[in-house]
J.: 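Just dropping this structure here.
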Amino acid sequence: MLVRDARAEDVESIGSVHGEAWRAAYASVFDAEWLRSAVADRRDRWAALLPRISASPGHLLVAEDDGQVTGFLHGGPTDDPRVGEVFALYVHPAGWGSTAAPLLMLDGLRRLRSAGCEEVALWTMAAAGRAQAFYEKSGWIQDGSTKMHDFGDGRERVLFRYVAP
């Protein structure tokens, strides 16, 4: 398993990972029709996002296994440059339980700390039990902060904030 910076030719693979992870992880959270459109959106959005991320102080990493992108992590500083955030971490369902997520997280945290981030946080849906189990196994701590977020389906959902060890 190799973790590296994302390249322009990874756009389609990143979109596939994002869409399939959403399809599998959130089938019981969102309405099926809305989820189909959300999966399609996540497949298509990366062509526009990658150039913006590349021009920002953040980073987009991919995990590659035998030449195939199996996961990605997008991280960067927040409005407070001392605070970094993992904005997205997704692994294709076929790679769940592999070393992709832990390796992405380690490299992402290393880069955020090297960029001067004294604190690193992430937000995850209250309904994302699998993700929460991974974060907690990795030493992340839920700090008690919550916020509401509408992912576009007209229903607000609770998000929990985790901080890195």
Side-chain angles (χ1 to χ4, degrees), residues 3 6 8-54 56 58-65 68-79 83-105 108-109 120-164:
V3 173
E9 60 266 23
D10 296 323
V11 167
E12 188 175 319
S13 296
I14 293 168
S16 177
V17 165
H18 198 181
E20 290 308 306
W22 259 66
R23 181 189 320 280
Y26 302 131
S28 64
V29 176
F30 295 103
D31 171 74
E33 186 176 327
W34 184 86
L35 184 59
R36 275 190 295 281
S37 70
V39 165
D41 173 64
R42 276 145 186 84
R43 284 181 170 278
D44 297 340
R45 70 172 48 170
W46 289 96
L49 285 177
L50 186 58
R52 284 189 277 167
I53 292 168
S54 297
S56 77
H59 55 269
L60 180 62
L61 306 173
V62 296
E64 184 181 289
D65 191 15
Q68 295 291 112
V69 172
T70 60
F72 71 92
L73 180 142
H74 174 212
T78 62
D79 292 337
V83 180
E85 186 168 333
V86 173
F87 303 117
L89 170 61
Y90 290 98
V91 172
H92 192 284
W96 288 355
S98 73
T99 59
L103 290 174
L104 284 163
M105 187 63 83
L109 282 172
V120 180
L122 61 82
W123 291 90
T124 190
M125 260 192 277
R130 181 180 191 88
Q132 291 173 37
F134 167 73
Y135 301 138
E136 290 167 9
K137 182 179 176 184
S138 301
W140 289 68
I141 300 163
Q142 200 176 127
D143 74 354
S145 300
T146 62
K147 67 181 178 181
M148 303 300 289
H149 183 74
D150 179 352
F151 287 88
D153 66 341
R155 292 185 52 207
E156 288 199 334
R157 288 177 172 77
V158 177
L159 303 181
F160 295 145
R161 184 175 187 260
Y162 280 80
V163 291

J.: Taking side chain as C-beta onward, heavy atoms only, is Asp31 less than 4.5 Å from Arg155?
T.: no
J.: Side chains of Trp123 and His149, heavy atoms from C-beta outward: is any pair under 4.5 Å?
T.: no
J.: Hey, can you tell me if His18 and Tyr90 have their rings parallel, tilted or perpendicular (30° and 60° cut-offs)?
T.: tilted
J.: Would you please classify the geometry between the Trp22 ring and the Tyr26 ring as parallel, tilted or perpendicular, with 30° and 60° separating the classes?
T.: perpendicular
J.: Side chains of Gln132 and Met125: does their closest heavy-atom pair fall under 4.5 Å?
T.: no
J.: Does some side-chain heavy atom of Glu12 sit less than 4.5 Å from a side-chain heavy atom of Val69?
T.: no
J.: Do the side chains of Val62 and Val17 get nearer than 4.5 Å, heavy atoms only?
T.: no
J.: Examine distances only and state if a side-chain atom of Asp150 and a backbone atom of Asp153 form a donor-acceptor pair shorter than 3.5 Å.
T.: yes
J.: Just jot down the ring-ring contact (aromatic ring centres under 6.0 Å, His included) partners of His92, sequence neighbours excluded, or say none.
T.: none
J.: Should Leu89 and Tyr135 count as side-chain neighbours, where that means a heavy-atom distance under 4.5 Å?
T.: yes
J.: Are side-chain heavy atoms of Trp46 and Ser13 found at a separation under 4.5 Å?
T.: no
J.: Assess, by modelled atom type and distance only, whether the side chains of Glu136 and Tyr162 contain a donor and an acceptor separated by less than 3.5 Å.
T.: yes
J.: Applying side chain to side chain donor-acceptor pair (under 3.5 Å), name anything that partners Glu85, two or more places apart in sequence or on another chain.
T.: none
J.: I want to check something: taking the side chain as every heavy atom from C-beta on, are Trp140 and Val86 in contact at a cut-off of under 4.5 Å?
T.: yes
